[in-house]
Novice: 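Structure provided below as structure tokens; questions to follow.
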2 protein chains.
Amino acid sequence: MNKTTVYVVDDDRAMCESLKWLIESVNMPVKTFSTAHDFLEHYDTNSHGCLVLDMRMPTMSGFELQEELSNSSIKLPIIFITGYGDIPMAVRAMKNGAIDFITKPFNDQELLDSINKAIKKDAERFACDGELNHLQGIINKLTPRELEVAKLIISGNSNKLIAKILQISPKTVEVHRAKVMTKTGMSSLADLVTLFIKVGYKQN
Amino acid sequence: MNKTTVYVVDDDRAMCESLKWLIESVNMPVKTFSTAHDFLEHYDTNSHGCLVLDMRMPTMSGFELQEELSNSSIKLPIIFITGYGDIPMAVRAMKNGAIDFITKPFNDQELLDSINKAIKKDAERFACDGELNHLQGIINKLTPRELEVAKLIISGNSNKLIAKILQISPKTVEVHRAKVMTKTGMSSLADLVTLFIKVGYKQN
DNA sequence: AATACTATAGGTAGTTATCCCGATATGAGG
DNA sequence: CCTCATATCGGGATAACTACCTATAGTATT
């Protein structure tokens with residue numbers, strides 16, 4: 001697990017330095033980038049924290065980076081800062097999932113508070129994702145056939161029915177079922193259903 | 001089920017009339033109010049649609065109404081319109097769950113688009129809530145004892161174990177269990193677990 | 001007082017699931 | 001060629017669940 005980092009992307013070097021100094025003053029690791037491309041190249045998809053992002057930048061604007069990130073399923077919380085913003089811009093940024101939009105000049109504490117909130121939110125997301133990946137990993141251990149049987153089980157079918165559906169002997173279904181339970185480590189049908197629902201399987 | 005209505009709250013009579021005219025021009029029912037209090041008095045909690053809300057108003061601001069509504073668990077989507085807004089105000093409104101924040105003078109189509117999105121979103125929420133209430137209603141038909149047994153069942157306990165936990169005969173647990181299944185209309189344990197998870201019961 | 005619902009409990013039979021033992025066939029990899 | 005994983009199938013025993021019947025006692029409603 002990587003440590004949490006505050007990423008700063010701003011084309012203004014002085015602003016980058018100022019932000020770096022501010023954020024490091026509260027003992028948070030900071031990485032600064034002067035362009036969106038620079039950030040995208042050096043960003044480690046496994047790291048977490050938050051992104052402090054200038055709106056107006058050459059070659060790639062803050063908006064474009066935000067979209068790029070959301071398309072790449074990178075869910076790093078974004079805090080926009082800008083000196084030239086207007087309301088439609090702020091609204092659009094928020095609609096696109098930014099967690100804050102701060103205008104320059106800003107109050108230092110205001111930004112730090114926002115960063116803390118963002119990091120907290122990202123940590124929650126990370127914990128949640130980790131749990132999900134873990135559960136998904138458990139399910140991925142099943143063979144295709146076992147998964148097939150498992151899905152039929154959690155849809156409420158009995159072994160006998162599953163046997164008819166899959167055109168195999170009920171005895172084989174029993175074997176698969178037992179394998180599913182031992183491999184997933186679930187000790188009851190209820191737990192198995194819960195597991196599958198958690199990872200997003202729906203039996204509509 | 002009530003029809004969908006666009007609620008307009010603005011202290012400026014002329015603006016109210018103008019909005020009413022605009023929205024009715026696309027055949028959507030409108031109700032206008034000149035104060036937040038007026039709206040709160042006449043609002044039917046069962047109705048749905050969306051709320052077009054002026055920010056700056058006497059006695060109760062748009063913000064205050066938004067907070068009031070979120071505290072009353074009224075989840076009507078809110079579109080703010082204002083002539084005197086700034087970015088922090090817009091950001092705060094969006095953070096509080098507004099779905100749009102539009103500045104006067106606004107483009108008519110822009111507002112209508114936003115209203116349509118809001119209504120769509122509310123309809124989804126309504127459908128979702130309706131489903132949930134229905135499922136909750138099913139569970140509410142259970143007697144306290146049956147609910148107790150049901151929870152133990154979906155936590156993966158066997159009848160025998162439940163009997164020990166509740167200090168009653170396994171036979172009685174069987175009876176409760178059968179009652180739970182017939183009352184909920186679920187035909188398998190898997191379906192029962194799914195039902196309880198849908199209404200938010202977790203066995204952590 | 002009669003009725004209905006709830007919680008309790010037993011019997012008996014049948015179905016289903018679980019767990020132990022076994023077996024065969026197939027294909028991938030060393 | 002041997003091994004391992006996978007998928008298939010069987011017998012037999014035990015445990016668990018389901019479905020039908022019965023019954024009693026308390027509480028609430030009418």
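Quantities reported herein were computed from a predicted structural model and do not represent experimental measurements. First the proteins, then the strands, lettered A, B, ... as listed; each starts at 1.
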Novice: Reading DNA chain D in the 5' to 3' direction, which nucleotide is the first one with an atom under 4.0 Å from a heavy atom of chain A, and which is the last?
Specialist: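 Endpoints of the contacted stretch of DNA chain D: D/dT6 to D/dG12.
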Novice: If the condition is side-chain hydrogen bond (donor to acceptor under 3.5 Å, both in side chains), which residues does B/N157 pass it with, not counting sequence neighbours?
Specialist: none
Novice: Heavy atoms of chain A, cut-off under 4.0 Å: which first and last nucleotide of DNA chain C, 5' to 3', fall inside that, if you could look?
Specialist: C/dT16 to C/dC19
Novice: For the pair B/Y7 and B/F39, name the ring-plane relationship: parallel under 30°, tilted 30 to 60°, perpendicular over 60°.
Specialist: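 Perpendicular, since the angle between the ring planes exceeds 60°.
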Novice: Does B/K183, at its NZ atom, have more than 12 non-hydrogen atoms belonging to other residues, nucleotides or ligands within less than 6.0 Å?
Specialist: yes
Novice: Closer than 3.5 angstrom, by distance alone: can the side chain of B/D100 be matched with the main-chain N or O of B/I79 as a donor-acceptor pair?
Specialist: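 Such a contact is absent between B/D100 side chain and B/I79 backbone.
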Novice: Using only atom types and a distance under 3.5 Å, with no angle test, would you say the side chain of B/E64 pairs donor to acceptor with the backbone of B/S61?
Specialist: yes
Novice: Any side-chain heavy atom of A/N116 sitting closer than 4.5 Å to one from A/V26?
Specialist: no
Novice: Would B/Q136 and B/N140 count as having a side-chain donor-acceptor pair, cut-off 3.5 Å?
Specialist: yes
Novice: For the helix from C/dA1-D/dT30 to C/dG30-D/dC1, what angle separates the axis at the start from the axis at the finish, each from five pairs, in steps of 10°?
Specialist: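 End axes: 40° apart.
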Novice: Is there a donor in the side chain of A/N71 and an acceptor in the side chain of A/E67, or the other way round, less than 3.5 Å apart?
Specialist: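 Absent: no donor and acceptor within the cut-off.
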Novice: Without swapping roles, check the side chain of A/S114 against the backbone of A/L111 for a donor-acceptor pair under 3.5 Å.
Specialist: no
Novice: I'd like to know if the side chain of B/T194 and the backbone of B/A190 have a donor-acceptor N/O pair within less than 3.5 Å.
Specialist: yes
Novice: Any side-chain to backbone donor/acceptor pair from B/E24 onto B/V30? Under 3.5 Å, distance only.
Specialist: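 Checking the backbone N and O of B/V30 against the side chain of B/E24, no donor-acceptor pair under 3.5 Å is found.
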Novice: Would you compute the distance between atom CE of A/M186 and atom CD1 of A/I154 and round it to the nearest 0.5 angstrom?
Specialist: 12.0 Å
Novice: Starting from the C-alpha separation in whole Å, work towards a yes-or-no answer on side chain to side chain contact (heavy atoms under 4.5 Å, CB included) for A/F106 and A/D108.
Specialist: CA-CA 6 Å; A/F106 52 84; A/D108 283 358; 3.9 Å; yes
Novice: Among residues 171-187 of chain A, which residues get a heavy atom nearer than 4.0 Å to DNA chain C?
Specialist: A/K171, A/E174, A/R177
Novice: Relative to each other, are the rings of B/F126 and B/H48 parallel, tilted or perpendicular (30° and 60° limits)?
Specialist: parallel
Novice: Could you check whether any side-chain N or O of B/Q66 sits under 3.5 Å from a backbone N or O of B/A93, counting only pairs where one atom can act as donor and the other as acceptor?
Specialist: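 Judged by distance alone, yes, a pair lies under 3.5 Å.
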Novice: Identify, residue by residue, the members of residues 160-170 of chain B with a heavy atom below 4.0 Å from DNA chain D, and return them in order of residue number, or none.
Specialist: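 Per residue number, the list reads B/K160.
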